[in-house]
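Note that the structure is a prediction, hence the values are computed from the model and not measured. Residue numbers begin at 1 in each chain, while the letters A, B, ... track the order of the sequences.
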Amino acid sequence: MGASRPTEASDTEVVTRFAPSPTGFLHIGGARTALFNYLFARANGGQFRLRIEDTDRARSTEPAVAAIIDGMSWLDFEWDSEIVYQFARSARHAEVANSLLENGHGYRCYATAEELETMRAEQRAAKLPMRYDGRWRDRPASDAPEEAPFVIRLKAPREGSVTIADLVQGPVTVANAELDDMVLLRSDGTPTYMLAVVVDDHDMGVTHVIRGDDHLNNAFRQLALIRALGWPEPAYAHIPLIHGADGAKLSKRHGALGVDAYRDEMGLLPEAVENYLLRLGWGHGDDEIISRPQAIEWFDLAAVNRGPSRFDMKKLESVNGHYLRAADDARLVVLISPRIAAELDRPVTDGDRDILQRSMAELKKRASNLNDLAMASLFYLRSRPIPMDDGAAKLLAMAAPGVLARARALFGSVNDWSAAALEEQARALAEAEGLKLGAVAQPLRAAVTGSAQSPGLFEVMAALGRDETLGRIDDALATDTERATA
RNA sequence: GGUCCCUUCGUCUAGCGGUCUAGGACGUCGCCCUUUCACGGCGAAAACACGGGUUCGAUUCCCGUAGGGAUCACCA
């Protein structure tokens with residue numbers, strides 16, 4: 001791969017990147033980092049690139065790479081150019097480290113791991129900050145033990161300080177004395193993360209590094225490397241991390257889930273997750289529901305809050321409910337079909353899809369996620385006799401004697417099987433019986449839907465059709481008789 | 001512990017010296033709509049962490065305190 005650059009960016013074009021390490025799924029915090037990078041690039045007419053940081057061979061896995069790409073695709077964060085795999089570029093990383101040896105900004109360090117551990121233990125005991133003491137920094141090459149393994153360290157400046165004009169955090173200054181000479185190339189010749197990011201960002205033409213603020217401290221070390229190399233400095237934007245509801249950091253070990261879980265297990269829509277993530281740590285006046293194009297127009301790094309924000313599932317669900325109601329009915333039918341098939345333990349037929357499609361407008365108002373939507377849709381598709389839940393059984397038991405039977409007789413003679421006509425009949429019956437409409441409708445709802453809650457009863461009856469509706473009422477009547485005679 | 005960052009309703013946020021008796025959203029609680037449940041509508045309770053400055057005037061600027069977070073590897 002050598003010094004070739006995957007894509008050469010022009011001097012003025014904005015280039016951002018999302019650089020996850022494939023050690024697990026794409027978690028929610030990573031998704032937000034990706035979103036901000038994506039939005040910033042698009043807002044500035046620049047490029048958004050994806051880099052897989054797989055230099056940690058022990059922890060990187062192929063399925064994780066697939067999961068990240070899958071998550072990015074689901075969220076529709078389209079990246080430009082090809083994906084850069086960091087491990088494949090290790091020769092170039094080594095080349096850069098060696099060039100530092102030549103220009104005097106790097107040096108070989110022969111300290112062993114045990115030696116360094118002893119050094120740290122002493123520092124710890126003396127309550128001193130734990131830093132590499134630079135023991136090989138100025139030693140002549142003649143001191144080098146023969147055939148001994150060594151690492152290449154950066155000869156970082158020890159005087160003065162560095163200030164980063166962070167686009168989110170504002171100016172942040174750290175004294176060089178706080179930083180030690182970091183390892184760039186390990187003794188086995190592989191690059192460290194610090195070296196790899198700097199080289200890859202440079203070679204990819206990255207102009208704006210937008211990442212979690214857990215990297216803020218790293219930025220100073222990376223800047224020192226960039227300066228030693230004489231390369232142009234990117235702009236930095238360190239966005240705060242997302243915390244769990246308990247205020248603790250949301251990590252893979254602590255409650256963070258992959259975006260696939262939000263999709264599959266929680267039944268959320270990608271546009272809802274995106275909207276929620278956008279509003280977490282960023283705001284635009286009182287706006288809550290913000291479309292992708294609108295976000296691209298409005299998004300700016302300066303408005304990103306500096307403190308971490310807590311993840312609130314309730315609000316995410318609410319935003320999802322909004323997008324669910326706005327979603328196309330046919331799309332929702334497709335999305336809930338697999339869930340329904342699993343629940344019913346049979347394939348979803350064209351007829352099923354047809355009735356779901358016709359009922360979706362009402363169904364989706366009652367759900368805030370696809371799981372609930374699927375569950376609420378089930379009663380349309382169950383075969384007779386449909387199961388009664390407790391609420392339904394209670395309604396049936398408490399119904400005025402004979403109303404259900406008289407309603408059955410009445411509907412049996414109805415010719416116009418439309419919601420409006422059915423309602424008219426029911427109202428007439430209620431009036432004749434001296435009952436409120438609810439006293440007639442509720443037992444009917446129980447019989448027809450098996451539940452005490454459902455979309456509008458007459459719409460349901462119309463969607464179910466005459467035969468199915470009448471059959472279900474008959475089933476309820478039959479069990480009622482059985483109970484009476486038992 | 002060192003260094004760095006942060007601090008407005010329970011949560012996400014608006015606010016960028018006077019318009020703040022602090023606005024919106026989620027959640028919570030009422031009411032309305034209504035054949036149930038939702039949706040929708042209306043309304044309520046709910047916050048500027050604390051202490052000093054600066055200023056005619058601080059939620060807004062500065063400094064402390066407290067609290068929270070990040071980071072200190074031949075991991076990324």
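Nucleotide rC50(B): paired with rG64(B) (Watson-Crick or G-U wobble, both distances less than 3.5 Å). The partner of rG27(B) is absent, by the rule that a Watson-Crick or G-U pair needs both atom distances under 3.5 Å. Under the Watson-Crick or G-U wobble criterion, with both distances below 3.5 Å, rA38(B) has no partner in any strand shown. Base pairing analysis places rG1(B) opposite rC72(B); the two distances defining the Watson-Crick or G-U wobble pair are each below 3.5 Å. Under the Watson-Crick or G-U wobble criterion, with both distances below 3.5 Å, rU59(B) is left unpaired in every strand shown. When both distances must be under 3.5 Å, the Watson-Crick or G-U wobble mate of rA14(B) does not exist.
Between rA46(B) and rG23(B), the distance separating the two C1' atoms is 14 Å to the nearest Å. The gap from the C1' atom of rC6(B) to that of rA49(B) amounts to 13 Å, rounded to the nearest Å. Nucleotides rC61(B) and rG15(B), compared at atom P, are 12 Å apart to the nearest Å. Comparing rG1(B) with rU59(B), their C1' atoms are spaced 34 Å from each other, to the whole Å. When the P atom is compared between rA44(B) and rG24(B), the two are found 10 Å apart, to the nearest whole Å. With C1' as the reference atom, rA73(B) and rU11(B) are 36 Å apart, rounded to whole Å. For rA38(B) and rC20(B), the C1' atoms lie 37 Å apart once the distance is rounded to whole Å. Look at the C1' atom in both rC50(B) and rG27(B): the space between them is 28 Å, to the nearest Å.
Using a 4.0 Å cut-off between a side-chain N of Lys or Arg and a carboxylate O of Asp or Glu, Arg472(A) and Glu468(A) qualify as a salt bridge. Note on Glu288(A) versus Arg279(A): salt bridge recorded, some NZ/NE/NH1/NH2 to OD/OE distance being below 4.0 Å. With respect to Glu317(A) and Lys315(A), no salt bridge is recorded, no charged nitrogen being found less than 4.0 Å from a carboxylate O. We find that Asp54(A) and Arg59(A) are not joined by a salt bridge, their nearest charged nitrogen and carboxylate oxygen being 4.0 Å or further apart.
The CG-P distance, from Leu216(A) to rC72(B), rounds to 12 Å in whole Å. Remark: C1' of rC74(B) and NE2 of His93(A) are 16 Å apart, rounded to the nearest angstrom. The OH-C1' distance, from Tyr193(A) to rU71(B), rounds to 12 Å in whole Å. Following rounding to the nearest Å, Gln86(A) (CD) and rA76(B) (P) show an atom-to-atom distance of 8 Å. Taking atom CD1 on Ile289(A) and atom P on rU13(B), their separation rounds to 16 Å, with Å as the unit. Straight-line distance from the CG atom of Asp213(A) to the P atom of rC72(B): 13 Å, rounded to whole Å. One can place CG of Asp200(A) at 12 Å from P of rA76(B), the figure rounded to the nearest angstrom. Taking atom OH of residue Tyr110(A) and atom P of nucleotide rC74(B), one finds them 17 Å apart after rounding to whole Å.
Checking side-chain atoms of Arg466(A) against main-chain N and O of Val414(A) turns up a donor-acceptor pair under 3.5 Å. Checking side-chain atoms of Arg17(A) against main-chain N and O of Leu50(A) turns up no donor-acceptor pair under 3.5 Å.
Between Phe311(A) and Tyr276(A), the angle of the ring planes goes over 60°, which puts this pair in the perpendicular group of the 30/60° scheme. Aromatic ring orientation, Trp417(A) versus Phe411(A): perpendicular (interplanar angle above 60°, classes split at 30° and 60°).
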Q. Once each nucleotide of nucleotides 23-45 of chain B is scored for protein heavy atoms under 4.0 Å, what B/S/- sequence comes out, 5' to 3'?
A. BBBS--------BBBBSS-----

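Mapping Met194(A) and Glu178(A) onto RNA chain B by nearest heavy atom places Glu178(A) at the nucleotide closer to the 5' end. Nearest-nucleotide positions on RNA chain B place Asn305(A) closer to the 5' end than the other of Val151(A) and Asn305(A).
Note on Thr55(A): only backbone sugar-phosphate atoms sit closer than 4.0 angstrom, heavy atoms only; bases stay farther off. Residue Ala111(A) is classed as a base contact, given a heavy-atom separation below 4.0 Å to a base. His215(A) comes within 4.0 angstrom of a base, heavy atoms only. Here Arg120(A) lies in heavy-atom contact (under 4.0 Å) with sugar-phosphate atoms only. Thr173(A) comes within 4.0 angstrom of the backbone, heavy atoms only, and of no base.
Scanning atom types as modelled, no donor and acceptor separated by under 3.5 angstrom connect the side chain of Thr192(A) and the base of rC74(B).
Out of rU3(B), rG69(B), rA76(B), the shortest distance to the side chain of Asn218(A) is found at rA76(B). Considering only side-chain atoms of Ser309(A), the nucleotide from rC5(B), rA76(B), rC12(B) that sits closest is rC12(B).
Residues Arg120(A) and Gln123(A) have side chains that never bring a donor and an acceptor to within less than 3.5 angstrom of each other.
Separation of the Trp282(A) and Phe299(A) ring centroids falls under the 6.0 Å cut-off.
Checking the phosphate oxygens (OP1, OP2) of rC74(B), a side-chain nitrogen or oxygen of Arg153(A) falls inside 4.0 Å. The shortest distance between the side-chain N/O atoms of Arg310(A) and the OP1/OP2 oxygens of rU7(B) is not below 4.0 Å.
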